[in-house]
Asker: 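Please find one structure pasted underneath; my questions will follow.
Chain identifiers are assigned alphabetically (A, B, ...) following the order of the sequence lines, protein sequences preceding nucleic acid strands; residue numbering begins at 1 within each chain.
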Protein chains: 2
Amino acid sequence: MTPPAIRVVLADDERMVRTALRAILSAEPGLEVVGEAATGAEAVSVVRELRPDIVLMDVRMPEVDGIRATEQILATLDEPPRVVVVTTFENDSYVYDALRAGAAGFLLKRADADALVQAVRLVARTDSLLFPSAVRALAAEHARRAPAPPAWVSRLTGRESEVLRHLAEGLTNAEIARRMDVGPATVKSHVAAVLAKTGTRDRTQAVIAAYEAGFLNAR
Amino acid sequence: MTPPAIRVVLADDERMVRTALRAILSAEPGLEVVGEAATGAEAVSVVRELRPDIVLMDVRMPEVDGIRATEQILATLDEPPRVVVVTTFENDSYVYDALRAGAAGFLLKRADADALVQAVRLVARTDSLLFPSAVRALAAEHARRAPAPPAWVSRLTGRESEVLRHLAEGLTNAEIARRMDVGPATVKSHVAAVLAKTGTRDRTQAVIAAYEAGFLNAR
DNA sequence: CGGCGGCTCCCCCGTCCGGCGGAGGCGGAT
DNA sequence: ATCCGCCTCCGCCGGACGGGGGAGCCGCCG
């Protein structure tokens with residue numbers, strides 16, 4: 001006796017993509033595409049009705065995006081399906097959001113058919129295991145989450161950077177002077193330079209700029 | 001003609017674990033365990049010599065941990081193997097480090113044999129795709145990475161919270177007063193209260209405290 | 001009804017800060 | 001040899017800030 005088929009719902013706003021996915025998955029024994037959706041909202045209702053085992057969810061969709069749809073599905077259903085988020089990737093930082101939304105997997109559209117099938121089977125079967133280079137890209141991306149370190153960062157001289165770090169510790173000029181073993185006047189100069197280069201008007205704004213720029217994480 | 005077997009190296013400091021993994025993997029057609037290592041350093045040299053397709057790498061190992069070993073392997077070899085990091089999980093934030101090190105996959109020790117095999121095959125074959133609830137746990141963990149919002153957060157009154165947010169925008173008291181449509185004196189009072197409750201001495205330190213506490217993300 | 005906490009505002013005072021306009025030294029690039 | 005960037009300091013000034021000590025008003029709760 002064959003085990004019950006893995007029931008899959010496809011959510012993607014492009015018909016061609018759905019067709020392609022359906023073709024690939026339907027050709028597989030043990031896999032059954034039971035429904036499709038073209039928007040996030042539709043995905044939610046379709047899933048609610050059909051109760052599939054797996055949802056292949058595109059990130060970019062009209063009305064409600066894939067991430068929100070995933071959230072809603074996982075939040076409102078008792079035994080939610082495993083949601084696999086699908087993306088073209090490229091400039092996507094969606095990966096992280098997908099994770100947070102509770103996605104069970106992540107799939108690149110350029111993955112070959114074989115990998116796709118394998119992935120679906122895997123996700124359907126287990127709640128444990130592995131992830132991919134896609135996520136590595138995420139990690140990098142996340143590290144890059146200050147991808148455009150504002151120009152001023154590179155313009156700060158060594159001393160100015162030191163001063164800014166100390167500012168971000170909440171030190172007064174006098175304290176910074178002691179720590180850096182220079183006169184208070186010098187610190188004032190450096191602070192002034194930092195303010196000018198960061199385009200801020202006082203130490204508080206400079207500290208904010210430092211935080212926002214991820215300046216404090218850069219080692 | 002059968003395709004060449006996927007060549008696997010096991011790196012784990014516990015012999016029993018290696019034995020178990022070997023037993024599982026060797027039983028699979030198309031998989032071949034070609035080597036073992038008990039330390040990170042050993043793993044690096046074994047991999048260098050045997051050039052496997054896949055390395056199952058324990059995180060916790062003597063001398064050099066799995067993360068570093070992974071880094072070294074990926075950095076020093078031309079065609080490095082896919083490294084799958086293995087962990088017992090539990091309190092691990094290793095996941096993230098593993099990612100950064102360039103691991104191609106992540107595997108829980110409690111994964112069943114079937115999933116393990118599947119995972120190895122998958123990683124061997126593709127460079128694309130998916131990851132697991134293990135990573136979801138990571139995401140949660142990462143989100144929880146400010147698990148103890150300092151006590152003062154809850155003590156701030158509504159107005160004080162508003163003021164703190166405005167401070168974190170780099171506004172002066174006068175500007176805050178205008179935005180909140182109150183007198184400057186009132187803002188001074190609130191600021192004083194914020195400083196007292198946050199245990200800081202000036203607005204800059206208060207802003208730092210707000211950032212460190214994740215106060216600004218809390219909606 | 002009497003606290004009590006939160007919000008609003010007041011004055012005074014000393015300090016810190018940031019803007020302005022310098023200046024000297026030093027090392028590397030031109 | 002000269003210039004330029006960086007680091008080091010100086011004085012002066014006005015305004016912003018933070019501390020201290022109030023005060024009146026409201027709404028809630030016992």
Asker: What I'd like to find out is whether the side chain of A:Leu77 reaches to under 4.5 Å of the side chain of A:Gln72, using heavy atoms alone.
Answerer: no
Asker: Taking only side-chain nitrogens and oxygens of B:Arg159, does any of them come within less than 4.0 Å of OP1 or OP2 of C:dT8?
Answerer: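 True: B:Arg159 side-chain N/O within range (under 4.0 Å) of C:dT8 OP1/OP2.
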Asker: With no hydrogens and no angle check, is any side-chain donor or acceptor of B:Glu36 less than 3.5 Å from a backbone partner on B:Leu10?
Answerer: no
Asker: May I ask you to say whether B:Glu162 pairs ionically with B:Arg165, meaning some side-chain N is under 4.0 Å from a carboxylate O?
Answerer: no
Asker: Without decimals, in angstroms, what is the distance between A:Leu171 CG and C:dC16 C1'?
Answerer: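 Rounded to the whole Å, the gap is 14 Å.
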Asker: So if I define the base as every atom that isn't primed, P, OP1 or OP2, how would nucleotides 24-30 of chain C read as a B/S/- string at a heavy-atom cutoff under 4.0 Å?
Answerer: -------
Asker: Out of D:dC9, C:dC7, C:dC9, which nucleotide sits closest to the side chain of A:Thr186?
Answerer: D:dC9
Asker: Just N and O in the side chain of A:His190: are any of them under 4.0 Å from OP1 or OP2 of D:dC9?
Answerer: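 For A:His190, the contact criterion (side-chain N or O under 4.0 Å from OP1 or OP2 of D:dC9) is not met.
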Asker: Could you give the CD-to-P distance, from B:Gln205 to C:dC16, as a whole number of Å?
Answerer: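 Interatomic distance, CD of B:Gln205 to P of C:dC16: 13 Å.
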Asker: May I have the distance from B:Lys197 (atom NZ) to C:dG5 (atom P), rounded to whole angstrom?
Answerer: 11 Å
Asker: Roughly, in whole Å, what's the span from CD in B:Glu175 to P in D:dA16?
Answerer: 10 Å
Asker: What I want to find out is whether B:Glu175 reaches A:Arg201 closely enough, with some N-O distance under 4.0 Å, to be called a salt bridge.
Answerer: yes
Asker: Measure from CD1 on A:Ile176 to C1' on D:dC9 and round the result to the nearest Å.
Answerer: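 Roughly 16 Å, once rounded to whole Å.
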Asker: Mind calculating the distance between NZ (B:Lys188) and C1' (C:dG6) to the nearest angstrom?
Answerer: 20 Å
Asker: Ignoring the backbone of B:Val182, work out which of D:dC10, D:dC7, C:dT8 is nearest its side chain.
Answerer: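 That would be C:dT8.
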Asker: Kindly say if A:Thr157 contacts the phosphate of D:dG5, meaning a side-chain N or O under 4.0 Å from OP1 or OP2.
Answerer: no
Asker: Please determine whether a side-chain nitrogen of the Lys or Arg among A:Glu169 and A:Arg203 lies less than 4.0 Å from a carboxylate oxygen of the Asp or Glu.
Answerer: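 Between A:Arg203 and A:Glu169 there is no salt bridge, as every charged N stays at least 4.0 Å from the carboxylate O atoms.
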Asker: Return no unless some side-chain N or O of B:Arg201 is found under 4.0 Å from OP1 or OP2 of D:dG18.
Answerer: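 Negative; the distance criterion is not met.
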Asker: Parallel, tilted or perpendicular: which fits the ring planes of B:Tyr211 and A:Tyr211, with parallel below 30° and perpendicular above 60°?
Answerer: parallel
Asker: Taking only side-chain N and O atoms of B:Asn173, does any of them lie within less than 4.0 angstrom of OP1 or OP2 on D:dA16?
Answerer: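 Checking B:Asn173 against D:dA16: no side-chain N or O falls below 4.0 Å of OP1 or OP2.
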Asker: Which nucleotide wins on minimum distance to the side chain of A:Thr172, given the candidates C:dC7, C:dC17, D:dG18?
Answerer: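 Given the options C:dC7, C:dC17, D:dG18, the side chain of A:Thr172 is closest to C:dC17.
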Asker: When the distance from CZ of A:Arg203 to P of D:dA16 is rounded to whole Å, what number comes out?
Answerer: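 Distance check: A:Arg203 CZ to D:dA16 P gives 16 Å.
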Asker: Look at B:Ser189 and C:dC9 and indicate whether a side-chain polar atom (N or O) is within less than 4.0 Å of OP1 or OP2.
Answerer: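 For C:dC9, neither OP1 nor OP2 has a side-chain N or O of B:Ser189 closer than 4.0 Å.
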Asker: Take atom CG of B:Leu195 and atom C1' of D:dG18, then tell me their distance rounded to the nearest Å.
Answerer: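 Rounded to the whole Å, the gap is 7 Å.
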Asker: Of the options A:Asp53, A:Val34, A:Val120, which is the one that meets A:Val8 in a side chain to side chain contact (heavy atoms under 4.5 Å, CB included)?
Answerer: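 It is A:Val120, the one option of A:Asp53, A:Val34, A:Val120 that forms the side chain to side chain contact (heavy atoms under 4.5 Å, CB included) with A:Val8.
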Asker: Closest approach to the side chain of B:Ala185, judged atom by atom: which nucleotide of D:dC7, D:dG18, C:dC9 is it?
Answerer: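 Shortest atom-to-atom distance from the side chain points to C:dC9.
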Asker: Are the side chains of A:Val84 and A:Val55 in touch, meaning some heavy atoms are under 4.5 Å apart?
Answerer: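 Result no, sub-4.5 Å side-chain heavy-atom pair not found.
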